[in-house]
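Single-structure report; data block below.
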Amino acid sequence: MRRILAVLALAAVPIFSLAGDDQVRKELKALQGTWKTVGLEAGGKAFPKEAAIDFTFIVGADGKSIGKMGKVEYQSLIKVDPAKEPRTIDNAHETGAHKGKKQYGIYKLEGNKWTVCMTAPGAAETDRPKSFDTKNTTHVVFIFERVQDDKKP
């Protein structure tokens with residue numbers, strides 16, 4: 001009887017893994033497209049709208065992403081976990097000034113609004129934000145809106 005239970009338990013592991021992978025794929029598909037920064041917060045204070053940086057983040061269905069700020073561009077790979085509360089995001093820089101560094105964050109997706117609270121590049125995973133409050137932290141909140149005339153990558 002123990003052997004049967006052990007075999008059933010081992011057989012169930014791939015099923016749960018596939019369900020999680022499917023959830024991640026669905027979430028990446030929801031994030032796929034071009035996002036433009038419309039708001040920022042750091043040190044517990046929102047930046048005035050006119051001070052928002054010109055930053056665009058393009059997410060591919062596989063998590064491959066491109067960050068653009070003016071003429072500066074970098075590539076990264078994002079991983080999301082929509083099963084966690086709050087949802088988590090990891091951003092691994094593949095090119096650019098922060099190549100090889102990771103950022104850890106949380107996010108929420110509300111229609112065409114994507115709010116992300118991130119660590120600085122190179123921070124430890126244990127520094128991942130627990131909330132969207134930046135007071136007394138080095139975390140930054142980015143508020144993105146989906147670019148409506150987007151041609152998905």
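Since this is a predicted model, take the numbers as computed values, not measurements.
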Check whether any side-chain heavy atom of R128 lies under 4.5 Å from a side-chain heavy atom of D90, and answer yes or no.
yes
With sequence neighbours left out, which residue pairs that include part of residues 132-141 fulfil the side-chain hydrogen bond (donor to acceptor under 3.5 Å, both in side chains) condition?
E41-T134
Sidechain-backbone polar pair: T119 side chain, Y104 backbone, donor-acceptor under 3.5 Å:
yes
Over 60° means perpendicular and under 30° means parallel, so tell me whether Y74 and F57 are parallel, tilted or perpendicular.
tilted
Taking the side chain as every heavy atom from C-beta outward, state whether T56 and W35 have any atom pair closer than 4.5 Å.
no
Any ion pair linking K36 and D54 (charged N to carboxylate O, less than 4.0 Å)?
yes
Is any side-chain heavy atom of I89 closer than 4.5 Å to one of M118?
yes
Result for side chain to side chain contact (heavy atoms under 4.5 Å, CB included) between R87 and one of L109, V116, V80 points to L109
Angle between ring planes, H93 versus H98, binned at 30° and 60°: parallel, tilted or perpendicular?
perpendicular
Taking atom NZ as the centre, does K45 end up with more than 12 heavy-atom neighbours from other residues, nucleotides or ligands that are less than 6.0 angstrom away?
no
Using the test side-chain hydrogen bond (donor to acceptor under 3.5 Å, both in side chains), find all partners of K102 that sit at least two apart in sequence or belong to another chain.
none
I78 versus Y107: any side-chain heavy-atom pair under 4.5 Å?
no
